[in-house]
Every structure is written in C-alpha cells, then in structure tokens.
> 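I'd like to ask you about the structure that follows.
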Number of protein chains: 2
Amino acid sequence: MSRPEISNRRVTAADIARSLGLSRATVGFVLNETPGQTISEQTKQRVFAEAERLGYRPHTAARALASGRTRIVLVVLPDWPLDFSLRRNLEEASLALDEAGYSLITYTPHPTGQARPLWETLAPDVALSMVGRFSQQQVDSMRRAGVRAMVPDPDQVDADEYPEEGPVLQVQHLARLGHCRIAFAESADPRIADLVALRHSRARQAAEELLLPAPVALSVNLGDDSASDAVRKAVSAGVTAIAAYNDEVAAALVGAALRAGIAVPQQLSVVGHDDAPIASIVEPQLSTVRIDTAGLGRYLAALALSAAEGHSPPATIPQTQLVLVERASTLPHT
Amino acid sequence: MSRPEISNRRVTAADIARSLGLSRATVGFVLNETPGQTISEQTKQRVFAEAERLGYRPHTAARALASGRTRIVLVVLPDWPLDFSLRRNLEEASLALDEAGYSLITYTPHPTGQARPLWETLAPDVALSMVGRFSQQQVDSMRRAGVRAMVPDPDQVDADEYPEEGPVLQVQHLARLGHCRIAFAESADPRIADLVALRHSRARQAAEELLLPAPVALSVNLGDDSASDAVRKAVSAGVTAIAAYNDEVAAALVGAALRAGIAVPQQLSVVGHDDAPIASIVEPQLSTVRIDTAGLGRYLAALALSAAEGHSPPATIPQTQLVLVERASTLPHT
DNA sequence: CTGAAAGCGCTTACAG
DNA sequence: CTGAAAGCGCTTACAG
C-alpha cells in the first residue's frame, strides 16, 4: 500500500513564507485572519493553498507561549455520575467551540484530590463548571494557574444558573395525572449535591405554583438499599407519585418498590429525568424528561466563548426543548 | 476574609534564579531533576524552598515548545457507551501518571468526525486507545501531529491486547451452575464492536475449554426492542443461561424476558459484566463480573509511560483481580 | 499598508 | 562541574 511520504520535520509558518517569498508576519496575518490588515485576496488564497499543500498545522504550544492564550476550554465535570444528557451536550459544545478555534477538554477532579488539577498544566483560557460554582479554593488555584475566565463568573454573585426546567415538567406531568401527594427523590451522592438541590428546589417551586403541598423529600443512595427506605417513607406519607433526580434514581425506586410488592405504576408512579438508556431498559420502562442536547450544548459553547473573548454572555438562554416522554412508569391517580 | 495577595505576573524560573543569585540553568536542573548534574544538596533545597515560597509553576507551553514534549497522555475513548469500570481505571491511571509528571486527558472522537481531532491541538506524547487498534487514518493523522508513541503500537502487529478474562468467569460461573446451553449477548453498538468481539471470543474459548457447545450468538441494541428478539431466539434454541457483554445488555435482556413472561432467574439465568450501578439497581439484581480497577489502571499508566519514554513495556500483565459477584439473576439449572 | 525584530518561558547542547 | 547562549514556533507591538 503506497502512502504519501511523511516528513519528520514539522511544517512551520516560516516554511510557507519561504516557499511563497512572503514575510512570516504576512503568513501569520492570513492564517489568523488578523483584523485590520489589508492583504490582497490573491495573496490570501496563495497562503491558504500552500498551507494546505504542505500540511501546515499551527504549533499550539508556540502559539500559547507567544500569545498567552491556549484556546482551551476546560469543562469541569462531576466525578460521578455523569448524566447521560450532559455528555451529549458536551459533544455539541465541542463541535461549536471547534469551529471557533477552541478545544473543549473535559476534566473530572479526583475525589481525593491527590493529583495536580488539570487546569494547572493546561492553563485553559476558560474553565466552565458543570457542577455549580467553583469553590473559592478552586478559583484561587485557577487564577494562580493563569485561567483568565470562569463560568459561572466567581466575581458575579448572581450569575445565571443553567436552566433546570426538567423538574417542572415532571411535577406538571404528575399533577396532570391527578397526583397531589408527590415526592422528590434526591440522589444522596454528595458530589452532585448542587445540581440535585437545584432540581429539587425547582420541583418545589413547580408544586407551589400548582398549589400542591411541598413534595416529600426522599434520598436514594445507589450503592445501598436506601431506595427501599425511601419507598417505605413515601408510601407511609401517602405519596402516590415520585419525581426522581434522574433515571438511575428512578430505576432504583422502581426496583425497590417491586421488591416490596408495590405495583408500579398502579400503586406508585415514578418519573425519571434525562431519558438515559436505562430509562428504556428497565421494566416497566420509565417516563422521563428528554433534553434537547444540541441547543443546550451550543448555549454552553456560546457562554464559554463570550468568557474567553471578554464579550458579554449570550443575551438569552435559548428556549431549550424539554419534552416529557411518557412511558410505563406513570399512570393516573385512582 | 483576607486572602494572600496574588500577583498578576506569573512566577518564572528566572525569578527563582534571580532571587537566589543562581543561574537559570541551575534552577532548571534542580526543578527537572536532570540526571548527570552535580548540584549540592543545599542548593537543591534552597531552590525547592524558593519555588514553593514564590508559588512557582512551570509554564507548560514553554516547556513543550523547548523540549518538543508535552507530557500529555491522550486516552482515546469509545464515543459511547463508556464502561463503568473503564472510568475507574482511568482515574487510577491518571493518578499514577500525575506522579510521573504526565497529565492524562481523555478524548472521545465525534462520531461524525467534523471536529479537528484533539491530538492535533494537544500533540500528546502518547495516544492510548481504549477501543482496540487505531485505524491507519488515525495513525497517519497522529504522526503528522507529532504524536511520538501510540498504544497499542501500530508498528507491532501482535501487540498485547488488554486482558479480557471477564467472559471466562461468566462462562465458568454458568457452567458451575449446571447450564450447558449458553448464549453470549453482544451489544449491537458498532462503536464498541472491537471490544464486544473480543469478549465474545473469550467466552467462546472458555466454553470450548469446558467442552461446552459454542455459545449461541445474540445481539442487543439498547435503543430498540431487539432484546425481546434475542430472548425469543435464546429460548427457542434451548438456552438456559446468557452471558452478556455488559450490565446494560444484561439488564435489557432481563427486562425483555420479564415482559415476555419468562421468569429470571428461574427459567433463564443472565450474568452481566462490570458491576456497574445498574447491576444492583434493576430487579432482580444482576450477577456480574467486578474488575479490580486500581490494578488495571496502574497497568495502563505503566504502558503509557513506557511508550512515552521509550522503555520496554511492563513485562507482565498484572494479575488483575476479577471477581464474579453472585446476585439474583443466576440460578442452578434445574 | 508592510516587514523586520523582539520576546513569550522554558530546554539543551556547548564552551569555559 | 558550572554558566552564558541559542533556539523551539509562534504573536505583536513598532518602525519604515
């Protein structure tokens, strides 16, 4: 099989300049599309063509050293568990950032914190948290590492939170089915406590707006048998329907209910969140909330870009498409 | 709240040298522990202390530009789904690499391939595939981007595969329970086809060694109703026990069997793989294979390090601790 | 409007 | 054994 010969030496911008008889700066201006330069269209085309021909790739480290910017967006993830929909969001965000010349890199800090945080070695232009606000310690560490911007902005106390309308859909769905004694099941995992609390509070607000009593608070730890306790607590409180933090918690509740001889959905309705694969795997299949990941991903990318370039953030949170997917785990209250 | 004053300018090695009245090179030698230098212990301690005091952090981009090495290990993951145990492996590997001064970064190529691959912008010293061998196209692209080493080594045709003994444990477990008509259920997801095939073939070998007939091949797609077809096919082939590629596939089979009125485990035993959270969430809870992720993670780190530094790879694959966890989804054949 | 020059913070051969 | 110097491949003020 004949493959094109690959030279060992890397192709630099200087090679293009030399080969075209231009100055290196001119080549740089063309390749970076530097504004405020007047370079003839013909020259531009020649530069692009030659870069293509030689297989030129900018040297990231050199660019970072010279410009002081890495063009890296570091997304800090919860160490576990990673929501299914979140991963799709990130794929979309990554594509959008790539088009803008940035790389999205995900990072999950170690629970024990033994390792050097990745922002120290990567010095991203932007760090974006998917787990609520950065701690003061993290903020200090990032500043010391030269991270120029963080999302949410630590200097802005009332920065926008991401929209969390899923719990509202869950509660509305259950209310529409005639349930009035509702519970909200948290995940007990401390590592996602912020997001859990946010969803819980949105569920509480939604119930309030519908003039329903505040949801009974349940807590499920996926590692142990706490789902059984939660189901027992719910039933003894007269609860007929549970909105769960996510599909895994919902599945755990369904499993525990079945083991306890409580029929789902006949005696207890359970609605999940994310439309993760598990939602259609378990029996009965879970009613859940599906997220328009593409839209949210692009919104995240826009947030990161505005922070990187010091623009103001995108004016409006996009109308994220949330859909309640009705499956077999919810039924009208009888 | 008084926090220590943080200067805007970053601390360089030159600052340490200046403050200590040493040459920059000396400081560099101490900080890099360059071999073959004779620097007094006292000087070393002074350098370390001053670096600590000033909060010195090496500038990654500058180091990369000067040395031609980024000290980055890029782990290429399947785009979906990421095995639960794999993530734990990576955490361990990341810790081990961090101690050696390398950063582990994970990367999931986009299914559509629209974005620039991350190895182009990051130029890692090593790219490590968790999805079988790199394609020739990927290898070429990495070489062009200056990636110096790949694991598995594309030049070595018979490079070691990772140990995959889980399917052996599954088959042995089922055989010990008296099952002789066994099936192996693949995941139909094309993106993990290599790993699926590897596990399947290990299951086949294990059956052969036990003088059992070759496992009936099933295929499950998590998105649709193929699990029902698989169960039907298994039952009509006289299968009494199924070893599944992973816990999600196992859970899907269990769900489909229950929907079809087939009792699990009384009429059909199912054993999963990974001991993912789903294994103890579903009802009945899944018998499965648990992996000693710590050991495997350190092995991966050692593989990457040896590739990065041009050593020979670790001589022996560690005795990875695999345990069959017996839960409620398997029962002796009656 | 264009081009030559300095400089980013390191590493590393090389001369004393 | 130690230290001054060149250079990695870019970007960016600055002078023509």
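Naming convention: chains lettered A, B, ... in sequence-line order (proteins, then strands); numbering from 1 in each chain.
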> Check side-chain hydrogen bond (donor to acceptor under 3.5 Å, both in side chains) between B/Thr121 and all other residues, then give those that pass, not counting sequence neighbours.
A/Ser103
> Is A/Arg298 reaching over with its side chain to a backbone N or O of A/Ala93, donor-acceptor style, under 3.5 angstrom?
no
> Would you mind listing every side chain to side chain donor-acceptor pair (under 3.5 Å) that reaches into residues 301-312 of chain A, with sequence neighbours excluded?
A/Tyr102-A/Glu309
> So, using side-chain hydrogen bond (donor to acceptor under 3.5 Å, both in side chains) as the criterion, who are the partners of A/Arg71 when residues are at least two apart?
none
> Rounding to an integer number of Å, can you tell me how far B/Arg18 CZ sits from C/dG9 P?
11 Å
> Please find the pair of heavy atoms, one from A/Leu97 and one from A/Ala301, that lie closest to each other, and give the distance.
CD2-O, 3.8 Å
> Between C/dG9 atom P and A/Arg63 atom CZ, what is the distance in whole Å?
18 Å
> What parts of residues 46-58 of chain A reach DNA chain C, counting only heavy atoms under 4.0 Å away?
none
> Is there a donor-acceptor contact under 3.5 Å from the side chain of B/Asp15 to the main chain of B/Thr12?
yes
> Is it true that a side-chain atom of B/Thr60 and a backbone atom of A/Leu122 form a donor plus acceptor pair closer than 3.5 Å?
no
> Where do N or O atoms of nucleotides 6-8 of chain D meet protein N or O atoms at under 3.5 Å, pair by pair?
unit_1, atom_1, unit_2, atom_2, d
D/dC8, O2, B/Ala66, N, 3.3

> Could you check whether A/Arg143 pairs with A/Asp155 (Lys NZ or Arg NE/NH1/NH2 to Asp/Glu carboxylate O, under 4.0 Å)?
yes
> Nearest whole Å is fine: how far is D/dC1 P from B/Lys44 NZ?
12 Å
> Counting only N and O atoms by type, is there a donor-acceptor contact under 3.5 Å from the side chain of A/Arg116 to the main-chain atoms of B/Asp98?
yes
> According to a 3.5 Å limit on both distances, what stems of 3 or more consecutive Watson-Crick or G-U pairs are formed with DNA chain C?
C:1-3 with D:14-16, C:5-12 with D:5-12, C:14-16 with D:1-3
> Using modelled atom types only, decide if a donor and an acceptor are shared between the side chain of A/Arg133 and the backbone of A/Pro154 within a distance under 3.5 Å.
no
